[in-house]
Amino acid sequence: MAEPTPPSPRTTVRRGADRAVYASDDVKAILDAGMIAHVGVQTPDGPLVLPMAYGRDETTLYLHGAAANHLLGTGNGHEICATVTHVDGLVMARTPFHNSMNYRSVVVRGLATKIVDKAAKLRALKIITDHVVDNWDLGREVSDIDEKKTLVLEMPLAEASAKVRAGDPIDEPEDMAGPWWAGVIPVETRIGTPYPAADYTGDRDVPAAYRALDGTVR
Ligand SMILES: Cc1cc2nc3c(=O)[nH]c(=O)nc-3n(C[C@H](O)[C@H](O)[C@H](O)COP(=O)(O)OP(=O)(O)OC[C@H]3O[C@@H](n4cnc5c(N)ncnc54)[C@H](O)[C@@H]3O)c2cc1C
């Protein structure tokens with residue numbers, strides 16, 4: 001297998017480098033499977049990391065929030081960092097020292113820029129919305145006021161790394177014949193069955209697109 005090529009020195013995985021993945025398709029697959037990014041910004045009163053929804057296209061990651069959003073407002077025009085993590089399993093070794101987790105994670109670093117152009121902003125909002133659940137076209141159209149109340153940042157996907165661990169525990173050779181159990185406890189994020197809001201007075205069925213998600217794993 002070819003050696004992975006990191007996009008920059010600062011996104012080069014140093015510890016556990018054999019778990020590094022830099023191929024853009026792998027990074028994008030991990031982003032596509034996720035729902036929440038933890039977004040880190042250097043603010044005047046110290047570093048701040050907050051969970052947020054996100055979306056992406058081929059070259060760019062998009063984040064949105066209220067126009068007055070502190071984190072996004074501070075991040076505009078500055079370097080920020082976004083991470084997405086999936087825990088796939090709890091890896092139970094013969095000694096707690098070798099316990100681990102199976103995971104897929106991505107770190108994206110880059111300059112965040114506010115999207116000003118209205119058409120580009122609406123496009124980014126659709127991407128973020130549809131990334132979580134494909135429903136931009138299922139609700140009321142976004143109004144001019146909605147659009148003005150919303151801040152959207154974009155950051156390039158060019159500087160991204162992924163790290164992946166899969167498989168069994170890695171124990172010491174001398175422990176292998178011992179009496180201790182070793183194995184993996186799987187972990188998954190599963191979508192449940194949709195139910196109507198308590199104040200929903202309509203008579204529409206749950207949209208087919210939502211019903212189709214029931215039982216799927218992210
Ligand atoms: C699953 C999930 C998805 C979200 N998606 C989005 C999104 O797409 N866009 C968006 O704008 N917001 C989202 N939020 C909310 C987001 O985390 C912030 O609370 C929100 O953006 C306000 O940011 P702010 O910088 O204006 O916060 P401020 O209100 O200025 O934050 C002040 C302080 O409040 C605390 N705080 C803020 N947010 C949180 C939090 N989530 N948990 C615990 N403490 C907190 C921190 O100590 C922070 O320093 C999401 C939250 C969750 C849990």
Please output the side-chain donor-acceptor pairs of residues 141-151 that fall under 3.5 Å, not counting sequence neighbours, one pair per line with the distance.
{"residue": "Ser143", "atom": "OG", "partner": "Ile145", "partner atom": "N", "Å": "3.3"}
{"residue": "Ser143", "atom": "OG", "partner": "Asp146", "partner atom": "N", "Å": "3.0"}
{"residue": "Ser143", "atom": "OG", "partner": "Asp146", "partner atom": "OD1", "Å": "3.4"}
{"residue": "Ser143", "atom": "OG", "partner": "Asp146", "partner atom": "OD2", "Å": "3.1"}
{"residue": "Asp144", "atom": "OD1", "partner": "Lys118", "partner atom": "NZ", "Å": "2.7"}
{"residue": "Asp146", "atom": "OD2", "partner": "Arg140", "partner atom": "NH1", "Å": "3.1"}
{"residue": "Asp146", "atom": "OD2", "partner": "Arg140", "partner atom": "NH2", "Å": "3.3"}
{"residue": "Asp146", "atom": "OD2", "partner": "Ser143", "partner atom": "N", "Å": "2.9"}
{"residue": "Glu147", "atom": "OE2", "partner": "Lys121", "partner atom": "NZ", "Å": "3.0"}
{"residue": "Thr150", "atom": "OG1", "partner": "Asp146", "partner atom": "O", "Å": "2.7"}

Set of residues satisfying side-chain hydrogen bond (donor to acceptor under 3.5 Å, both in side chains) with respect to Asp171, sequence neighbours excluded: Arg94

Taking side-chain hydrogen bond (donor to acceptor under 3.5 Å, both in side chains) as the definition, give me every residue that meets it alongside Arg211, ordered by chain and number, with sequence neighbours left out. none

Got a donor-acceptor contact below 3.5 angstrom from the Asn76 side chain to the Lys114 backbone? yes

Where the side chain of Asp175 meets the backbone of Gly178, is there a donor-acceptor pair that is under 3.5 Å apart? no

My understanding is that only residues two or more places apart in sequence, or in another chain, count here; which of them pass ring pair (Phe, Tyr, Trp, His ring centres under 6.0 Å) with Tyr54? His131

A side-chain contact here means heavy atoms from C-beta on lying under 4.5 Å apart; do [X] and [Y] qualify?
{"X": "Pro44", "Y": "Thr74", "result": "yes"}
{"X": "Asp57", "Y": "Tyr62", "result": "yes"}
{"X": "Val107", "Y": "Cys81", "result": "yes"}
{"X": "Met92", "Y": "Ile185", "result": "yes"}

How long is the straight-line distance from [atom2] of [Y] back to [atom1] of [X], given to the nearest 0.5 Å?
{"X": "His64", "Y": "Ile128", "atom1": "NE2", "atom2": "CD1", "value": "5.5 Å"}
{"X": "Asn69", "Y": "Leu71", "atom1": "CG", "atom2": "CG", "value": "6.0 Å"}
{"X": "Asp117", "Y": "Ile115", "atom1": "CG", "atom2": "CD1", "value": "8.5 Å"}
{"X": "Tyr210", "Y": "Ile191", "atom1": "OH", "atom2": "CD1", "value": "12.5 Å"}

Closest approach of [X] and [Y], non-hydrogen atoms and distance?
{"X": "Pro51", "Y": "Ile36", "value": "CB-CG2, 3.7 Å"}
{"X": "Gly16", "Y": "Lys163", "value": "O-CE, 3.7 Å"}
{"X": "Ala209", "Y": "Leu213", "value": "O-CG, 3.5 Å"}
{"X": "Ile30", "Y": "Ala162", "value": "CD1-CB, 3.8 Å"}
{"X": "Val132", "Y": "Ala53", "value": "CG2-CB, 4.2 Å"}
{"X": "Ala124", "Y": "Val152", "value": "CB-CG1, 3.8 Å"}

Pairs flagged by ring-ring contact (aromatic ring centres under 6.0 Å, His included) wherever residues 149-192 is involved - sequence neighbours left out: none

Counting only heavy atoms not in Tyr200 (residues, nucleotides, ligands), do more than 12 fall under 6.0 Å from its OH? yes

Assess the side chains of [X] and [Y]: does a donor N or O sit below 3.5 Å from an acceptor N or O?
{"X": "Ser8", "Y": "Glu159", "answer": "yes"}
{"X": "Ser100", "Y": "Arg165", "answer": "yes"}
{"X": "His98", "Y": "Glu172", "answer": "yes"}

Checking side chain to side chain contact (heavy atoms under 4.5 Å, CB included) for the pair Thr60/Leu157: CA distance, chi angles, key distance, verdict? CA-CA 5 Å; Thr60 307; Leu157 275 177; 5.7 Å; no

Could you walk me through whether Val39 and Leu50 satisfy the side chain to side chain contact (heavy atoms under 4.5 Å, CB included) test, starting with their C-alpha distance in whole Å, then the side-chain angles of each, then the deciding distance to 0.1 Å, before giving a yes or no? CA-CA 5 Å; Val39 183; Leu50 293 178; 5.8 Å; no

Check against salt bridge (Lys or Arg N to Asp or Glu O under 4.0 Å), Lys28 and Glu58: CA-CA 8 Å; Lys28 286 171 183 166; Glu58 281 309 297; 3.0 Å; yes

Excluding sequence neighbours, so at least two apart, what forms side-chain contact (heavy atoms from CB on, under 4.5 Å) with Ala33? His86, Arg104

Determine, using the 4.5 Å side-chain heavy-atom cutoff (strictly less than), whether Leu63 and Val27 are members of one ILVMFWY cluster. yes

